[in-house]
Amino acid sequence: MNTHTVAGVEVSGDHWIGGRRVSSAETFDDVSPIDEQVIATIAKGGPAEADAAVAAARLAFPAWSATSPAERARLMHRIADLVEERLEQLARVETADNGALLRSHLRGVMPRVAHNFRFFADYLVNDLHHGDFDTRGHRNHVTWDPSGVAVLITPWNAPLMLATWKVAPALAAGCTVVLKPAEWSPLTASLLADITHEAGLPEGVFNVVQGYGDDVGDALTGHPGISRISFTGSVPTARLIARSAAANLTPCSFELGGKSPMIVFADADMESAVANAVEQYDNAGQVCLAGVRLLVQDTVRDEFVARFVERAAQLRQGDPRDLDTDIGPNVSREHFERIDGFVQRAKAAGAEAVLGGGPNTELGGLYYRPTLFAGAEPGSEILTQEVFGPVLTLQTFATEDEAVALANGTEFGLAGVLFTGDPERAERVGARLVAGTLWVNCFFVRDLRAPFGGSRHSGVGREGGTWSFDFYCDVKNTCTNQERWTV
Ligand code: ADP
């Protein structure tokens, strides 16, 4: 048995296929970003494990898809109960695995994991309906039929939260699931497998396959036996998955990167705007939704920068297990070097680091200083490419037209953050922004009933509420002539 004790918690490094642990001949090391030590060895799946997991999920599908919504919901609430019981363990393991703050895991992320299950369970039972409508005496009735096996491919920045945001609706929809977590953060998916087992989920309904994206990930997404692919990750990977999926015309839902703008007009509540701007460093900048391009009206630029720098200076960087820490390490050496590459190239190209601008040499390891660039060349890499680290940029504008042009001036369209004291301006400007989610005078307020996804290269499709069921199900309209019944 390939088990490890991580942060005091027993975790299996093996796959979970058909209700049992399965190992692979090869393994890979799971390294903690906190001290770059190996904390577990993980089974490295390939095409054989992908086949086995899809076969198990297909075998389980007929019974699971025929289970009543009430029973599916009951099991999902049981999973949520167990997540809540083990909240601290899950939080500790996730922090060891991806370096994100223990404080956030305890207070926000893991409660949200449980909520993902409760929300979609309740939504299935109470809210999933469409009113019948009549066409010349014919009744139209819409149903959501489970589609089959959903393959879920997830990233490392919020591993269990993002995984369960897909797992929960897929299970509620009556699909069976194969989850492939990111190779940099494989552990909490493994703990979730234990939880689903203890909750009594029938074997094969939920499967976890570990391994690398271009190996087992590719085998899963190109598999002819699956019905859906939901992926959160980078644009280049989405292109590869779309290509794999094309062979079987498998429908895909993609939630991809962003380079979202945070627009601050001079009439905004400046205290709140500055506080929210500094929040964009959360999770060491590894948040797809972050408003990383600060677009500030020129008349308040100096005031904004002064207040921003003062506030950012109060952020405490350090060990993510310490509950007082505000910014932890980045996820891996490779990613850290990538972030530093962006920063050094931006400096070389003439951008001014108003704040930070390099690794935190006092802490060493994978700690990168919160950085703010001003004066970057329009169209340059640092203003257009996703860094996914604690690196923000500042640009100024004079008019609404200029603000909108800057905001929409990348290939992305995931989110937008808008700060203004004028509701009419908010409506005017908001209507012109390209984004799947727009926050006005707030940030990161999320409701699972809301559609979530990206425009342009930030994504394909929307999930959340009914949109999730629309994706995981085959939506069917039954049109019945009401006058031809004979019994
Ligand atoms: P990031 O840049 O956020 O690490 P990636 O897109 O590389 O994002 O990875 C997100 C997830 O996609 C991970 O689980 C990774 O293993 C998986 N992945 C990477 N390449 C492929 C691929 N070719 N096919 C399927 N999944 C992949």
Side-chain angles (χ1 to χ4, degrees), residues 15 24 26 28-31 33 42-47 49-51 53-54 94 97-100 149-167 177-190 192 207-223 226 228-248 250 252-259 283-290 292 330-339 341-342 366 385-389 412 414 454 457-460:
H15 315 288
S24 289
E26 283 184 70
F28 63 95
D29 288 340
D30 182 23
V31 175
I42 307 294
K44 186 164 174 283
E49 288 82 352
D51 276 347
V54 172
E94 192 98 295
D97 210 8
N98 80 341
V149 176
V151 163
L152 313 177
I153 309 258
T154 50
W156 45 262
N157 58 324
L160 196 57
M161 207 280 287
L162 289 173
T164 54
W165 144 258
K166 299 176 190 299
V167 172
V177 166
V178 179
L179 169 65
K180 198 216 71 73
E183 48 272 47
W184 285 346
S185 58
L187 297 180
T188 46
S190 187
L192 181 65
N207 305 275
V208 177
V209 180
Q210 304 283 9
Y212 291 180
D214 57 2
D215 186 6
V216 72
D218 187 54
L220 283 169
T221 51
H223 204 291
I226 68 171
R228 294 290 184 275
I229 299 166
S230 179
F231 166 72
T232 300
S234 62
V235 174
T237 303
R239 288 202 179 93
L240 295 173
I241 292 177
R243 211 167 287 156
S244 284
N248 306 299
T250 308
C252 295
S253 169
F254 289 154
E255 197 261 284
L256 309 176
K259 189 78 178 174
N283 211 17
Q286 300 165 142
V287 177
C288 56
L289 288 162
V292 291
N330 288 102
V331 71
S332 70
R333 177 61 56 186
E334 185 186 329
H335 189 59
F336 183 86
E337 302 295 350
R338 186 174 173 274
I339 294 167
F342 273 111
L366 302 181
Q385 305 288 307
E386 186 176 41
V387 177
F388 223 60
F412 297 108
L414 190 56
H457 285 186
S458 287
V460 175

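FYI, side chains are in, hydrogens and waters are out, and symmetry mates aren't considered; it's all heavy atoms of this structure. Here the structure is a predicted model, which means the values were calculated and not measured. One-based numbering, in listed order, for ligands and for the atoms of each.
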request  = Would you mind checking if R338 and E334 are paired as a salt bridge, meaning a charged N to carboxylate O distance below 4.0 Å?
outcome  = no
query = Nearest to atom 18 (N) of ligand 1, what protein heavy atom do you find, and at what distance?
reply = G213 CA, 3.3 Å
Sub-4.0 Å atoms of ligand 1 with respect to non-hydrogen atoms of I241 = 24 (N), 25 (C), 26 (N)
message = Would you say that Q210 contacts P181 through its side chain, given a criterion of any heavy-atom pair below 4.5 Å between the two side chains?
response = yes
key: Under 3.5 Å: N/O of S234 near N/O of ligand 1   = yes
query = Do you see a donor-acceptor pair shorter than 3.5 Å between the side chains of T221 and K180?
reply = no
message = I'd like to check whether G211 has a polar contact with ligand 1, where a contact means an N/O of the residue lying under 3.5 Å from an N/O of the ligand.
response = no
ask   = Right, does atom 9 (O) of ligand 1 have protein non-hydrogen atoms nearer than 4.0 Å?
value = no
ask   = With a 4.0 Å cut-off on heavy atoms, is F388 touching ligand 1?
value = no
request  = Would you mind running through ligand 1 and noting each atom that sits below 4.0 Å from a heavy atom of D218?
outcome  = 24 (N), 25 (C)
note = One finds that the ligand 1 atoms under 4.0 Å from a non-hydrogen atom of I153 are 11 (C), 12 (O), 14 (O), 17 (C), 26 (N)
request  = Could you tell me which atoms of ligand 1, counted from 1 in the order shown, lie closer than 4.0 angstrom to a heavy atom of E183?
outcome  = 13 (C), 15 (C), 16 (O)
ask   = Looking at ligand 1, does F231 have a heavy atom less than 4.0 Å from it?
value = yes
message = Out of T237, T154, L256, V151, who is nearest to atom 11 (C) of ligand 1 when you count heavy atoms only?
response = T154
message = For the backbone of W156 and the side chain of N98, can you confirm whether one donor and one acceptor N or O come within less than 3.5 Å of each other?
response = yes
inquiry  = Can you tell me if R243 has over 12 outside heavy atoms packed within less than 6.0 Å of its CZ?
reply    = no
query = Looking at ligand 1, does any of its N/O atoms fall within less than 3.5 Å of an N/O of T221?
reply = no
query = If you measure only the distance, is there a donor-acceptor pair under 3.5 Å linking the side chains of D97 and S185?
reply = no
request  = Pick one of side chain, backbone, both or neither for how W156 approaches ligand 1, counting any non-hydrogen atom pair under 4.0 Å.
outcome  = side chain
task = Indicate whether any N or O donor in one side chain lies under 3.5 Å from an N or O acceptor in the other, for K166 and S230.
result = yes
ask   = Are any side-chain N or O atoms of D30 and backbone N or O atoms of I42, one a donor and one an acceptor, separated by less than 3.5 Å?
value = no
task = Flag the pair T237 / F231 as yes when at least one side-chain heavy-atom distance between them is below 4.5 Å, and no otherwise.
result = yes
message = Under 3.5 Å between any N/O of K180 and any N/O of ligand 1: does that happen in this structure?
response = yes
